> 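Below is one structure. I have some questions about it.
All values derive from a computational prediction rather than experimental measurement.
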Amino acid sequence: MTIRVLVVDDQAIVRDGLVTVLSMVPDLEVVGEAADGAEALAAVERWSPDVVLMDLRMPGVDGPTATARITAEHPDVAVLVLTTFADDESITTALRAGARGYLTKDAGRVEIATAIRAVASGQSTFDAAVGARLVAQLTGTPLTGTPPTRTDVSTPPASLRERFPELTPREADVLERIADGRTNPEIAAELFLTVPTVKSYVNQLFQKLGVRTRAEAVALALR
(Lines give C-alpha, C1' and ligand atoms only; values in the text may rest on other atoms or scores of the structure.)
Protein backbone atom coordinates (compact mmCIF):
# COMPACT_ATOMS: atom_id res chain seq x y z
CA MET A 1 0.00 0.00 0.00
CA THR A 2 1.31 3.43 -0.94
CA ILE A 3 1.49 5.95 1.92
CA ARG A 4 0.44 9.46 0.95
CA VAL A 5 2.66 12.14 2.52
CA LEU A 6 2.29 15.90 2.92
CA VAL A 7 5.54 17.81 3.51
CA VAL A 8 5.30 20.95 5.67
CA ASP A 9 8.31 23.25 6.16
CA ASP A 10 8.79 26.99 5.82
CA GLN A 11 12.11 26.59 3.98
CA ALA A 12 11.68 25.85 0.28
CA ILE A 13 15.07 24.16 0.01
CA VAL A 14 14.16 21.78 2.83
CA ARG A 15 10.80 20.95 1.22
CA ASP A 16 12.47 20.36 -2.14
CA GLY A 17 15.03 18.06 -0.54
CA LEU A 18 12.42 16.06 1.34
CA VAL A 19 10.22 15.70 -1.73
CA THR A 20 13.21 14.48 -3.76
CA VAL A 21 14.33 12.02 -1.09
CA LEU A 22 10.88 10.63 -0.35
CA SER A 23 10.04 10.27 -4.03
CA MET A 24 12.83 7.70 -4.23
CA VAL A 25 11.02 5.42 -1.76
CA PRO A 26 8.67 3.06 -3.65
CA ASP A 27 5.87 2.86 -1.08
CA LEU A 28 5.73 6.60 -0.36
CA GLU A 29 3.97 9.24 -2.45
CA VAL A 30 4.37 12.95 -1.77
CA VAL A 31 0.94 14.39 -2.55
CA GLY A 32 1.64 17.99 -1.60
CA GLU A 33 3.72 20.64 0.13
CA ALA A 34 2.96 23.49 2.54
CA ALA A 35 5.08 26.38 3.80
CA ASP A 36 3.29 26.95 7.12
CA GLY A 37 0.57 25.61 9.35
CA ALA A 38 -2.26 27.46 7.60
CA GLU A 39 -1.25 26.00 4.25
CA ALA A 40 -0.92 22.59 5.88
CA LEU A 41 -4.51 22.68 7.13
CA ALA A 42 -5.78 23.56 3.66
CA ALA A 43 -3.55 20.92 2.08
CA VAL A 44 -4.87 18.18 4.37
CA GLU A 45 -8.40 19.07 3.30
CA ARG A 46 -7.38 19.04 -0.35
CA TRP A 47 -5.13 15.98 -0.61
CA SER A 48 -6.16 13.75 2.34
CA PRO A 49 -2.65 12.49 3.15
CA ASP A 50 -1.98 9.52 5.40
CA VAL A 51 0.98 11.24 7.07
CA VAL A 52 1.93 14.90 7.53
CA LEU A 53 5.68 15.48 7.89
CA MET A 54 5.55 18.60 10.05
CA ASP A 55 8.12 21.26 10.93
CA LEU A 56 7.54 22.97 14.29
CA ARG A 57 8.69 26.57 14.12
CA MET A 58 7.10 28.40 11.20
CA PRO A 59 5.71 31.92 10.75
CA GLY A 60 1.98 32.41 11.15
CA VAL A 61 0.37 29.17 12.23
CA ASP A 62 3.15 27.10 13.77
CA GLY A 63 3.60 23.33 13.75
CA PRO A 64 2.06 22.48 17.14
CA THR A 65 -1.04 24.58 16.42
CA ALA A 66 -1.50 22.97 13.01
CA THR A 67 -0.86 19.52 14.51
CA ALA A 68 -3.57 20.01 17.13
CA ARG A 69 -6.06 21.10 14.46
CA ILE A 70 -5.19 18.24 12.12
CA THR A 71 -5.40 15.53 14.78
CA ALA A 72 -8.70 16.92 16.07
CA GLU A 73 -10.35 17.38 12.69
CA HIS A 74 -8.71 14.48 10.83
CA PRO A 75 -8.01 11.73 13.39
CA ASP A 76 -7.00 9.28 10.65
CA VAL A 77 -4.11 11.54 9.57
CA ALA A 78 -0.85 10.91 11.44
CA VAL A 79 1.54 13.79 12.14
CA LEU A 80 5.27 13.08 12.22
CA VAL A 81 7.40 15.99 13.42
CA LEU A 82 10.67 16.65 11.60
CA THR A 83 12.48 19.60 13.15
CA THR A 84 15.83 21.05 14.12
CA PHE A 85 14.80 21.33 17.76
CA ALA A 86 14.99 18.50 20.30
CA ASP A 87 14.58 20.39 23.59
CA ASP A 88 12.13 19.16 26.21
CA GLU A 89 9.61 21.94 25.64
CA SER A 90 9.45 21.38 21.87
CA ILE A 91 9.05 17.62 22.27
CA THR A 92 6.38 17.91 24.95
CA THR A 93 4.44 20.58 23.06
CA ALA A 94 4.40 18.49 19.88
CA LEU A 95 3.25 15.32 21.63
CA ARG A 96 0.54 17.13 23.56
CA ALA A 97 -0.67 18.56 20.25
CA GLY A 98 -1.10 15.01 18.97
CA ALA A 99 2.07 14.26 17.01
CA ARG A 100 2.57 10.52 16.65
CA GLY A 101 6.33 10.69 16.08
CA TYR A 102 9.27 13.05 16.46
CA LEU A 103 12.51 13.16 14.44
CA THR A 104 15.27 15.73 14.15
CA LYS A 105 16.59 16.86 10.78
CA ASP A 106 19.72 14.81 11.33
CA ALA A 107 17.62 11.81 10.27
CA GLY A 108 18.46 10.16 6.97
CA ARG A 109 16.18 8.89 4.22
CA VAL A 110 15.87 5.38 5.63
CA GLU A 111 15.06 6.61 9.13
CA ILE A 112 12.46 9.10 7.87
CA ALA A 113 10.83 6.49 5.62
CA THR A 114 10.75 3.96 8.46
CA ALA A 115 9.18 6.53 10.80
CA ILE A 116 6.55 7.44 8.20
CA ARG A 117 5.57 3.78 7.86
CA ALA A 118 5.42 3.42 11.65
CA VAL A 119 3.12 6.37 12.29
CA ALA A 120 0.96 5.44 9.29
CA SER A 121 0.37 2.05 10.92
CA GLY A 122 -0.59 3.62 14.26
CA GLN A 123 2.76 3.29 16.03
CA SER A 124 4.73 6.05 17.76
CA THR A 125 8.34 6.60 16.83
CA PHE A 126 11.15 8.82 18.11
CA ASP A 127 14.79 9.15 17.17
CA ALA A 128 17.42 8.14 19.72
CA ALA A 129 18.02 11.63 21.14
CA VAL A 130 14.32 12.33 21.55
CA GLY A 131 13.70 8.90 23.07
CA ALA A 132 16.43 9.50 25.62
CA ARG A 133 14.86 12.80 26.65
CA LEU A 134 11.42 11.20 26.99
CA VAL A 135 12.77 8.45 29.20
CA ALA A 136 14.65 11.01 31.30
CA GLN A 137 11.44 13.00 31.81
CA LEU A 138 9.35 9.94 32.62
CA THR A 139 11.82 8.34 35.01
CA GLY A 140 13.34 11.45 36.55
CA THR A 141 16.78 10.24 35.46
CA PRO A 142 19.24 13.02 34.49
CA LEU A 143 20.00 13.01 30.78
CA THR A 144 23.71 13.07 31.55
CA GLY A 145 25.15 10.34 33.72
CA THR A 146 24.37 6.67 34.09
CA PRO A 147 20.74 5.74 34.73
CA PRO A 148 20.12 3.44 37.67
CA THR A 149 20.29 -0.27 36.95
CA ARG A 150 16.94 -2.01 36.93
CA THR A 151 17.08 -5.62 37.91
CA ASP A 152 13.35 -6.33 37.90
CA VAL A 153 11.63 -5.54 34.60
CA SER A 154 8.24 -5.99 36.23
CA THR A 155 8.81 -2.92 38.45
CA PRO A 156 8.37 0.33 36.50
CA PRO A 157 9.75 3.71 37.63
CA ALA A 158 8.15 4.94 40.83
CA SER A 159 7.01 8.15 39.13
CA LEU A 160 4.78 6.22 36.74
CA ARG A 161 3.43 3.94 39.48
CA GLU A 162 2.59 6.96 41.63
CA ARG A 163 1.12 9.07 38.84
CA PHE A 164 -0.99 6.28 37.35
CA PRO A 165 -2.09 4.06 40.25
CA GLU A 166 -4.85 2.64 38.06
CA LEU A 167 -2.19 0.82 36.01
CA THR A 168 -0.73 -2.49 37.07
CA PRO A 169 3.07 -2.61 37.39
CA ARG A 170 3.31 -4.45 34.07
CA GLU A 171 1.04 -1.96 32.30
CA ALA A 172 3.19 0.90 33.63
CA ASP A 173 6.28 -0.90 32.38
CA VAL A 174 4.72 -1.20 28.93
CA LEU A 175 3.83 2.51 29.04
CA GLU A 176 7.45 3.38 29.76
CA ARG A 177 8.56 1.46 26.68
CA ILE A 178 5.86 3.03 24.53
CA ALA A 179 7.23 6.42 25.58
CA ASP A 180 10.66 5.25 24.48
CA GLY A 181 9.29 4.58 21.00
CA ARG A 182 9.36 0.78 21.24
CA THR A 183 7.13 -1.26 18.95
CA ASN A 184 5.01 -4.11 20.30
CA PRO A 185 7.47 -6.79 19.09
CA GLU A 186 10.35 -4.89 20.74
CA ILE A 187 8.42 -4.60 24.01
CA ALA A 188 7.58 -8.29 23.85
CA ALA A 189 11.24 -9.19 23.42
CA GLU A 190 12.39 -6.96 26.30
CA LEU A 191 9.74 -8.18 28.74
CA PHE A 192 9.79 -11.83 27.61
CA LEU A 193 6.15 -11.72 26.54
CA THR A 194 4.29 -12.66 23.39
CA VAL A 195 3.20 -9.91 20.99
CA PRO A 196 -0.53 -10.66 21.57
CA THR A 197 0.06 -10.30 25.33
CA VAL A 198 1.72 -6.92 24.80
CA LYS A 199 -1.20 -5.82 22.62
CA SER A 200 -3.55 -6.81 25.43
CA TYR A 201 -1.56 -4.73 27.94
CA VAL A 202 -1.54 -1.77 25.53
CA ASN A 203 -5.31 -1.96 25.02
CA GLN A 204 -5.88 -2.19 28.78
CA LEU A 205 -3.69 0.79 29.64
CA PHE A 206 -5.23 2.83 26.80
CA GLN A 207 -8.68 2.13 28.23
CA LYS A 208 -7.60 3.02 31.77
CA LEU A 209 -5.89 6.25 30.66
CA GLY A 210 -8.69 7.23 28.30
CA VAL A 211 -6.44 7.54 25.25
CA ARG A 212 -6.70 6.15 21.73
CA THR A 213 -3.14 6.28 20.40
CA ARG A 214 0.40 5.70 21.61
CA ALA A 215 1.21 9.38 21.11
CA GLU A 216 -1.71 10.38 23.35
CA ALA A 217 -0.46 7.99 26.01
CA VAL A 218 3.03 9.50 25.87
CA ALA A 219 1.66 13.03 26.01
CA LEU A 220 -0.44 12.14 29.06
CA ALA A 221 2.59 10.62 30.77
CA LEU A 222 4.56 13.83 30.22
CA ARG A 223 1.97 16.14 31.77
> Between atom OG1 of Thr125 and atom CG of Leu103, what is the distance when rounded to the nearest 0.5 Å?
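Between Thr125 OG1 and Leu103 CG, I get 6.0 Å after rounding to 0.5 Å.
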> Is it the case that more than 12 heavy atoms not belonging to Arg4 sit under 6.0 Å from its CZ atom?
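Yes - once you tally the heavy atoms of other residues, nucleotides and ligands closer than 6.0 Å, there are more than 12.
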> Check this for me, if you would: do Asp9 and Lys105 make a salt bridge, where the nitrogen-to-carboxylate-oxygen distance has to be below 4.0 angstrom?
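Yes, Asp9 and Lys105 are salt-bridged.
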> Do you know the tightest heavy-atom contact between Pro64 and Ala97?
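Heavy-atom minimum between the residues: O-CB, 3.4 Å.
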> Would you say Val79 ends up clustered with Val5 if hydrophobic residues are merged whenever their side chains have heavy atoms under 4.5 Å apart, either directly or through other cluster members?
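In one cluster: no.
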> Might you point out which heavy atoms bring Val8 and Ala40 nearest each other, and give the distance in Å?
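Smallest heavy-atom distance, with atoms named: CG2-CB, 3.7 Å.
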> Within 45° of the ring axis of Phe85 and under 6.0 Å from its six-membered ring centre, is that where the NZ or CZ of Arg57 lies?
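Pair Arg57/Phe85 counts as cation-pi.
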> For the hydrophobic clusters of this structure (ILVMFWY residues joined by side-chain heavy atoms under 4.5 Å, transitively), does one cluster hold both Leu80 and Val25?
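Yes, Leu80 and Val25 fall within the same hydrophobic cluster.
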> Might you point out which heavy atoms bring Ala66 and Met54 nearest each other, and give the distance in Å?
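Heavy-atom minimum between the residues: CB-CE, 3.8 Å.
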> In terms of hydrophobic clustering (I, L, V, M, F, W, Y; side-chain heavy atoms under 4.5 Å; direct or indirect links), are Leu82 and Leu28 co-clustered?
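Yes; Leu28 is reachable from Leu82 via cluster members.
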> When you look at CD of Gln207, are more than 12 heavy atoms from neighbouring residues, nucleotides or ligands closer to it than 6.0 Å?
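Atom CD in Gln207 is not crowded, with 12 or fewer foreign heavy atoms closer than 6.0 Å.
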> May I ask you to decide whether Glu166 forms a salt bridge with Lys208, counting only side-chain N to carboxylate O separations under 4.0 Å?
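Looking at Lys208 together with Glu166, the answer is no, because their closest N to O distance does not fall below 4.0 Å.
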> Can you confirm whether the side chains of Thr93 and Glu89 place a donor and an acceptor under 3.5 Å from each other?
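No, Glu89 and Thr93 have no side-chain donor paired with an acceptor closer than 3.5 Å.
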